[in-house]
Amino acid sequence: MSETPQTQLKTSGEPDVLRKLVAELCAVLTDVQEIAHKTYVGDMPQESVRALAGRILRVIADDSTAGARLVPAHFTIRNAQRADADTFVGLIGQINPESPNLPHVRRAIDNQEGVSLRANNTLALVAVGRHGKPIGALLGGIPQWLIEDRSCPPAYRLPLMTRVAYISSVFVTPACRGTGVGRALIGHAETLFHAGGRTIVTLVHSPELIPYYRALGYTAFTTFAAHLSKDALLRLDSSDGSLVATKALDESVGRAVIFGLPVPVITGILESLPPSAWYDGERLRF
């Protein structure tokens, strides 16, 4: 839980007609930006038209940069390939250069089998711009706490590995931030996780990113509480001020308010929680 994603458009794996429509819409947006720029800097007599052009440019532009940034006319999301190994590790490494996952990911990408949930429980995605170079990357797979945290009972670790997904890192190059690349990576990861049998996705983020992830359907708390089975409850508390965000990928997963617990409990990952449940400070009671 030490890595924090920094940053939903599904351009891959959807019907061809939808991908074509998305590409055309992105191209139209690029044309709109160009027209707006010419209108704004030109000597236009209609002040209202010039004002509208200025609003368009401000929406497209990144507030942290001096000028308007071009929106990629088209980008695709795909699994990282062997040729992407150095670039992928370089992008993800900008978030956490000391991540212990990077050597493993590099080896997995270099492997002929590639990186996949089925082969090695790892998800490595890249967003590729129209120039053919990666402009964003996402790393995900098994939650680190399933491996490292002793509070998770060993008997539940293997079942949880096939149900719970984790996005550990998302990085988008500065020039392409705010253009939907991060949302596309996360959305595509959710699709692959769900196809692979995962019913819930988790990630860790800082408090200032609550609006961003809330807009993507995530709910965040400082404590992660999940019902496993019978009276077994998994509870993980954040110690560094970060938040644990979750999003259900299947209708069988939900949240339940339990007397005695400060946060709602995630239920349905392995078993459903009876409505009469309550917490006595140590375990669930019914």
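Computed from a predicted model, the values in this text were never measured in an experiment. Just so you know, residue 1 is the first one in the sequence shown, and it goes up from there. Worth knowing before you read on, the calculation uses all heavy atoms, side chains too, and leaves out hydrogens, waters and symmetry mates.
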*Please check if Ile142 and Leu234 belong to a single hydrophobic cluster, counting links between Ile, Leu, Val, Met, Phe, Trp and Tyr side chain heavy atoms closer than 4.5 Å.*
yes
*Run the side chain to side chain contact (heavy atoms under 4.5 Å, CB included) check on Ile77 and Val126 step by step: do they pass?*
CA-CA 6 Å; Ile77 308 296; Val126 290; over 6 Å; no
*Hey, is the main chain of Val128 close enough, under 3.5 Å, to the side chain of Lys133 for a donor-acceptor pair?*
no
*asked:* Among residues at least two apart in sequence or on other chains, which ones pass salt bridge (charged side-chain N to carboxylate O under 4.0 Å, His left out) with Arg214?
replied: none
*Partner residues of Thr222 under the side-chain hydrogen bond (donor to acceptor under 3.5 Å, both in side chains) criterion, sequence neighbours left out*: none
*Got a sec, which hydrophobics cluster with Phe286, joining ILVMFWY side chains under 4.5 Å apart, including via others?*
Leu233, Ile258, Leu261, Val265, Leu273, Tyr279, Leu284
*Partner set under side-chain hydrogen bond (donor to acceptor under 3.5 Å, both in side chains) for Arg285, not counting sequence neighbours*: Asp280
*List in chain and number order the residues that pass salt bridge (charged side-chain N to carboxylate O under 4.0 Å, His left out) with Arg107, two or more places apart in sequence or in another chain; answer none if no residue qualifies.*
none
*Counting only heavy atoms not in Glu208, do more than 12 sit closer than 6.0 Å to its CD atom?*
yes
*Of the non-hydrogen atoms in Leu185 and Ala127, which two are nearest, and what is the gap between them?*
CD2-N, 3.9 Å
*Checking Thr173 side chain against Ile135 main chain: does a donor-acceptor pair fall under 3.5 Å?*
yes
_For the CZ atom of Arg235 and the SG atom of Cys152, what is their distance to the nearest 0.5 Å?_
15.5 Å
*asked:* Can you list everything that forms a salt bridge (charged side-chain N to carboxylate O under 4.0 Å, His left out) with Asp86? Sequence neighbours excluded, please.
replied: Arg106
*Do His205 and Tyr212 have side-chain heavy atoms sitting under 4.5 Å apart?*
no
_To check you understand the geometry: which heavy-atom pair defines the closest contact between Gly136 and Val181, and what is its length?_
CA-CG1, 4.4 Å
*Is Arg177 reaching over with its side chain to a backbone N or O of Val172, donor-acceptor style, under 3.5 angstrom?*
yes
*Where the side chain of Ser168 meets the backbone of Leu139, is there a donor-acceptor pair that is under 3.5 Å apart?*
yes
*Mind checking the OG-CZ spacing from Ser252 to Arg163? Nearest 0.5 Å is all I need.*
7.5 Å
*Between Val201 and Ile167, is any pair of side-chain heavy atoms under 4.5 Å apart?*
yes
_Check for me, please, whether Val164 and Leu243 land in the same ILVMFWY cluster - side-chain distances under 4.5 Å, paths through other members count._
no
*What pairs with Ser272 under side-chain hydrogen bond (donor to acceptor under 3.5 Å, both in side chains), at least two apart in sequence or on another chain?*
none
*asked:* Applying side chain to side chain donor-acceptor pair (under 3.5 Å) to Arg255 and Thr219, what does each step give before you reach the verdict?
replied: CA-CA 10 Å; Arg255 291 184 180 274; Thr219 304; 4.6 Å; no
*Mind listing the closest non-hydrogen atom pair of Gly241 and Pro207 along with its distance?*
O-CG, 3.6 Å
*Is any side-chain heavy atom of Asn79 less than 4.5 Å from a side-chain heavy atom of Leu192?*
yes
*Can you name the side chain to side chain contact (heavy atoms under 4.5 Å, CB included) partners of Leu102, sequence neighbours left out?*
Val89, Ile92, Ser99
*With Ala85, which residues qualify under side chain to side chain contact (heavy atoms under 4.5 Å, CB included), at least two apart?*
Ile109, Asp110
*If you look at every heavy atom in Tyr213 and Leu203, which pair is closest and at what distance?*
CE2-CD2, 3.7 Å
_Under the rule for side chain to side chain contact (heavy atoms under 4.5 Å, CB included), what residues qualify as partners of Thr87, not counting sequence neighbours?_
Leu91, Pro134
*Sidechain-backbone polar pair: Arg198 side chain, Gly196 backbone, donor-acceptor under 3.5 Å*: yes
*Is there side-chain contact between Glu190 and Leu249, with heavy atoms separated by less than 4.5 Å?*
yes
*State whether Arg78 and Asp84 are salt-bridged, where the test is any N-O pair (Lys NZ or Arg NE/NH1/NH2 against Asp/Glu carboxylate O) under 4.0 Å.*
yes
_Under 4.5 Å side-chain linkage, directly or through intermediates, the cluster mates of Phe221_ = Val263
*Are Val244 and Leu236 grouped together when hydrophobic residues (ILVMFWY) are joined by side-chain heavy atoms under 4.5 angstrom apart?*
yes
*Nearest 0.5 Å, what's the OG-CZ distance between Ser169 and Phe88?*
8.0 Å
*Should Ile200 and Lys247 count as side-chain neighbours, where that means a heavy-atom distance under 4.5 Å?*
no
*Residues that Ala226 engages under side chain to side chain contact (heavy atoms under 4.5 Å, CB included), provided they are two or more places apart*: Phe224, Ile266, Ile269
*asked:* Let me confirm one number: the OH-CG distance from Tyr156 to Leu146, rounded to the nearest 0.5 Å.
replied: 13.5 Å
*Do you know which two heavy atoms are closest between Gly268 and Val253, and how far apart they sit?*
O-CG2, 3.9 Å
_Between OG1 on residue Thr246 and OH on residue Tyr218, distance to nearest 0.5 Å_ = 9.0 Å
*Looking at OG1 of Thr223 and CG of Asp237, how far apart are the two atoms once the value is rounded to the nearest 0.5 Å?*
4.0 Å
*His227 side chain to Lys230 main-chain N or O, any donor-acceptor pair under 3.5 Å?*
yes
